[in-house]
Number of protein chains: 2
Amino acid sequence: MQKMKILIIEDAETVRNELKDFLTAYGYEVEAPDDFQHVLSYATKEDIHLILLDINLPVFDGYFICREIRKSSQVPIIIVTSRNNEMDELMSMNLGADDFVTKPYHTQILLARIDAVLKRAYKQPEALSLTVGELKLHLANGTISYKGGHQELTKNEFKILHYLMVKKGSIVSREELMEHLWSSDLFVDDNTLSVNVTRLRRKIESLGMENPIETRRGLGYILS
Amino acid sequence: MQKMKILIIEDAETVRNELKDFLTAYGYEVEAPDDFQHVLSYATKEDIHLILLDINLPVFDGYFICREIRKSSQVPIIIVTSRNNEMDELMSMNLGADDFVTKPYHTQILLARIDAVLKRAYKQPEALSLTVGELKLHLANGTISYKGGHQELTKNEFKILHYLMVKKGSIVSREELMEHLWSSDLFVDDNTLSVNVTRLRRKIESLGMENPIETRRGLGYILS
DNA sequence: CTGCAAATTTACCGCTCCTTTACATGCGAG
DNA sequence: CTCGCATGTAAAGGAGCGGTAAATTTGCAG
């Protein structure tokens, strides 16, 4: 399995660093930012595979953050809580969280939970690649292949194709894609998306496949 | 979502029956056999969607059963355990179980876990659609289908049909539709609506269906 | 039947949305 | 530093959506 990247959202610096060291030691890549303003932009990054979310945060409530993440991403979330009552458990489950851990926890249990959730989320034998027709997108190294040929994708091309593949069969509005590619506080011309789509189409066509990214004028793009 | 069938593997008859009644009340189909010799044949049945497995069984250990099931099936398994130590949690996770619940548990928590696991395992691409007669409007990709044929709709056509379908059976005035299609500050000729309705009718008829959009002269349109 | 308003239909074409090419910038590897 | 690649911007081109106008049809009232 590819190297998994975990995002830690936790306000206590000591806990954060301990966790980071611990998980790094066990072979995970870890992001542990200390600014909670921009935590959401971290969370929706492509390369985050799991989020460890402390529910007990200052400023934004962890519940709020969880919901916000779920609006735009299905990345697995494990909620860490010190509130040890059932309501929390229930609410956590309804928030779209994948699991939760109650403090204090044994580190080995945390590891087991993480493993389990990751396995669940990314286990499908072909979870390492998505397909449209005979076109394969390899998640591990960001390449596409078609009938023997292959091409490397840039970050943007990957994000676009990945998102469209996940939503295969549904129209994805340009707006939605824009939000997925660029944090909303960054102002990027709408045309830039078009350019990136063109570049992606070029690469796919260079493999001999006819363009699978359909444009629905005024609505968005759709992969079929 | 279809009706889900849960298999309970539990030795204590009272618990078994309580669980069965409880889950049945919440809309699940439940199998709760009392013979543990043949539990494995139950477990691998096609129509079992989830297994609730008590780890603390006589004769066969629950661990053994879990492993056996996993040899031949990927059906989701939730392990129920009263042993409240870490080893159990760890081992359960490594058995291929999808989740576990520690006794004593609150029934609402059990429900939440079951829901979560089922949702993960059987989430479908949700073919959300509205219908009139045999005509289907697919919300995800903005197409209509009728007896195997498909047609793509433009933005306006989609809006019109969608609105009429939502209000199926009642008359929708032209003014109401106009407001729904164009922001009121934009002045669009009344005739434009007629043209768009015509275009929509064309596409529906091209699928071999007779026009379902009835005009009530002086009142509006109605879908029947 | 006649007249008129409402709705349909056809044809046209402008304008928005999207594509595409070319160029500028900037960052990372060596 | 310098080269190369990724990526954003600018500008020109194109295609089809969809609005307009005019002709035609439908339906209702007197």
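Just so you know, these numbers come straight off a predicted model, no measurement behind them. Protein chains get the first letters and strands the later ones, always in sequence-line order, with residue 1 at the start of each.
The CG atom of D189(A) sits 14 Å away from the C1' atom of dT19(C) (whole-angstrom rounding). Between the NZ atom of K159(A) and the P atom of dA6(D) there is a distance of 15 Å, given to the nearest Å. Remark: C1' of dA6(C) and CG of L193(B) are 13 Å apart, rounded to the nearest angstrom. Rounded to an integer number of Å, the gap from Y221(A) OH to dC17(C) P is 13 Å. If you take NZ of K203(B) and C1' of dC17(D), they are 10 Å apart, rounded to a whole angstrom. If you measure from atom CG of L186(B) to atom P of dG19(D), you get 8 Å, rounded to the nearest angstrom. For K155(B) and dT16(C), the NZ to P distance is 13 Å, given to the nearest whole Å. Put simply, CZ on R202(A) is 11 Å from P on dT19(C), counting in whole angstrom units.
At the heavy-atom level, R174(B) lies under 4.0 Å from the strands shown only through sugar-phosphate atoms. Residue contacts for T215(A): at a heavy-atom cut-off of 4.0 Å it reaches the sugar-phosphate backbone alone, with no base atom in range. Residue V195(B) is classed as a base contact, given a heavy-atom separation below 4.0 Å to a base. Base engagement by N191(A) is indicated by at least one non-hydrogen atom pair under 4.0 Å involving a base atom.
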- Might you work through the side-chain hydrogen bond (donor to acceptor under 3.5 Å, both in side chains) test for T154(A) and N156(A), ending with a clear yes or no? CA-CA 6 Å; T154(A) 68; N156(A) 282 341; 5.7 Å; no
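No hydrogens or angles were tested; on distance alone, a donor-acceptor pair under 3.5 Å links the side chain of R217(A) to the base of dT16(C). Within 3.5 Å, no donor on the side chain of R216(B) pairs with an acceptor on the base of dG27(D), nor the reverse.
Considering only side-chain N and O atoms, S194(B) lies nowhere under 4.0 angstrom from the phosphate OP1 or OP2 of dA7(C). When the side-chain nitrogen and oxygen atoms of T154(B) are compared with OP1 and OP2 of dC17(D), none of them lie within a distance under 4.0 Å. Close to dG8(D), at under 4.0 Å from its OP1 or OP2, lies a side-chain N or O of W182(A). An OP1 or OP2 oxygen of dT19(C) is reached within less than 4.0 angstrom by a side-chain nitrogen or oxygen of R201(A).
With respect to R199(B) and E157(B), no salt bridge is recorded, no charged nitrogen being found less than 4.0 Å from a carboxylate O.
The shortest non-hydrogen separation linking I213(B) to R201(B) is O-NH2, 2.9 Å.
Considering R174(B), E176(B), E214(B), K167(B) in turn, R174(B) is the only one that fulfils the side-chain hydrogen bond (donor to acceptor under 3.5 Å, both in side chains) rule with Y221(B).
Residues V15(A) and I8(A) fail the side-chain proximity criterion, which asks for heavy atoms closer than 4.5 Å.
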